[in-house]
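We count ligands from 1, going down the list as the structure has it; atoms in each ligand are counted the same way.
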Amino acid sequence: MRKIYIFDTTLRDGEQTPGVNLNTQEKVEIALQLERLGVDRIEAGFPAASPGDLAAVNAVARAVRNATIVGLSRSRTQDIDAVREALQGAEDACIHLFLATSPIHREHKLRMTKEQVLETAEAAIRYAKRYFSKIEFSPEDAGRTELDFLCEVVAMAIRAGATVINIPDTVGYMTPLEFGNIFKTLREKVPGIENIQLSAHCHDDLGMATANSLAAIENGADQIEGTINGIGERAGNTAIEEVALALETRFNHYQAKTTLNLKEIARTSRLVSKLTGMPVPANKAIVGANAFAHESGIHQDGMLKEKSTYEIISPETIGLVESKLVLGKHSGRHAFREKLIDLGYDLDEEALNRAFAKFKDLADRKKRVSDEDIRALIEEKIVETPEVYRLEKLRVSFESDSVPTAYVAIHVQGEGVREQRAEGNGSVDAIYNAIDALTGEEVELEDYAIKSVSQGKDALGEVHVVLAQNDVSAQGRGLSTDILEASARAYIDALNRLIERRKSPRRRDRMSLI
Ligand code: KIV
Ligand code: ZN
């Protein structure tokens, strides 16, 4: 069977999504889930960007055992040295070198001639070869590079020692026919191409990333690069789950498969969405909330008679299981444990006790606790941040014809409780003004989003915020049946993370890839 390798760049290109800023623990958590999903390679970051990025890549390298860990590097010795340091402790390491090759990038960004591009890339690959047996080289903006010159660059990279050649459609400009033709031409014309792996890296600016990746496979690509949920720069990258399911569902056509554990897809998608704060659109292929929903009468009728009338993938394939056991106020520990097993969670005794206490608290406020509620509770604090501030009490007064006020009490680590009353343009503004006064932190609220975790008036609400302070930003999440409480919790969570992040800042402009 022809295997297609999956190179996951959620933690690198995915993290370049505006507003996304993962801390080291979050990166490790996602990397471990990617390992469970069975991706072959994990691009953990760009170590030269900052000491914080380097440390995060190193933490991933030390945590993951069953995937190759990749570090990105410009074609410069300092960057290569940073990747060497970052990948210490990895079971299997690979460096990903890149240099732009298209006329637009050569002329306007690099100000280099073709010869200079060839020389710079070759020197970098030869230098990296001293330290790495696995080297991936990317001619950035390959899609818009003259095909003859691209063949020349790829031939040079192979001679210099690259083991994987990645072809990026950096700006998502290609059509499937054009992109497929690049792979066909490279396979036909470049000497030594049979000894390396060919990889495709697509962006979704014209909504063609998945189609282009599949065209690359049809024309000889061995590896697909992408991200979970398709997150990434601008319109994002190829969504890994889409390629994997296209290969699985249309095996008769592609005659190729990934070795992903497809049942981990739903959980991986949820985790990435939660930790990045990037909601998955309801109509997103494979992982959107509506991907398996059938609304119209005709479709529902067809589904009841025979599922294959309107369903080409079963929800179980990606690990979406609906457990039959309904939980509520009177459910005991045993039923709760059974439910967790049904939903695929394996908690130790201590975590189970904590989760059960949270469940009981929720069941007091909510008649029927759904599977989504339970997932939200379990996954709420996947990553623990030291709590400098903790919400103690919240009181909000709102009348449509007067100024909203909030009273907030927080517990400050090592000090005790502080309280504050404040006004605002709205209830959330009043709460945030009170918290600002309590903490003395000057922050900018860059993003605020709210969504309901399940259905019904008593549904759990999840708030996601992004706070910025100078060149450091952090996101926070809060969960509650009350959206004002969830808003306060999210803000305080983001403040705690900001304080943590200030200890090892990561540049916000870290991806000026020149
Ligand atoms: O899109 C791109 O060109 C990249 C390179 C760094 C491979 O992400
Ligand atoms: Zn990219």
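Atom CD1 in I4 sits 9.0 Å away from atom OG1 in T258 (nearest 0.5 Å). Taking CG of L97 as the start and CD of E140 as the end, the distance is 13.0 Å to the nearest 0.5 Å. To the nearest 0.5 Å, atom CD of residue E242 and atom CD1 of residue I265 are 10.5 Å apart.
The closest approach between a heavy atom of E233 and any atom of ligand 1 is not below 4.0 Å. Residue-ligand proximity: H96 is placed with a non-hydrogen atom under 4.0 Å from ligand 1.
Ring geometry for H203 against H201 counts as tilted: the plane angle lies between 30° and 60°, on a 0 to 90° scale. Note: H96 and F7 have perpendicular aromatic rings, judged against thresholds of 30 and 60 degrees for the angle between ring planes.
Atoms of ligand 1 found under 4.0 Å from any heavy atom of H203, numbered from 1 in the order shown, are 1 (O). The distance from ligand 1 to the heavy atoms of E140 drops below 4.0 Å at these ligand atoms: 3 (O). Against a heavy-atom cut-off of under 4.0 Å, T170 is close to the following atoms of ligand 1: 1 (O), 2 (C), 3 (O).
At a 4.0 Å heavy-atom cut-off, ligand 1 does not touch R234 at all.
Restricting D13 to its N, O or S atoms, the one at the least distance from the Zn ion (ligand 2) is OD2.
No N or O atom of N166 sits closer than 3.5 Å to an N or O atom of ligand 1. Remark: ligand 1 and S138 share no N or O pair separated by less than 3.5 Å (distance only, no angle test). The shortest N/O to N/O separation between D141 and ligand 1 does not fall below 3.5 Å. For ligand 1, the polar-atom distance check finds an N/O of D13 within less than 3.5 Å of one of the ligand's N/O atoms.
Enclosure of atom CG in L147 by more than 12 non-hydrogen atoms of other residues, nucleotides or ligands within 6.0 angstrom is indicated.
Under the side-chain hydrogen bond (donor to acceptor under 3.5 Å, both in side chains) criterion, the residue pairs touching residues 145-155 are T101-T145, R106-E146, with sequence neighbours excluded.
Looking at S75, its side chain does come within 3.5 Å of a backbone N or O of F98 through a donor-acceptor pair.
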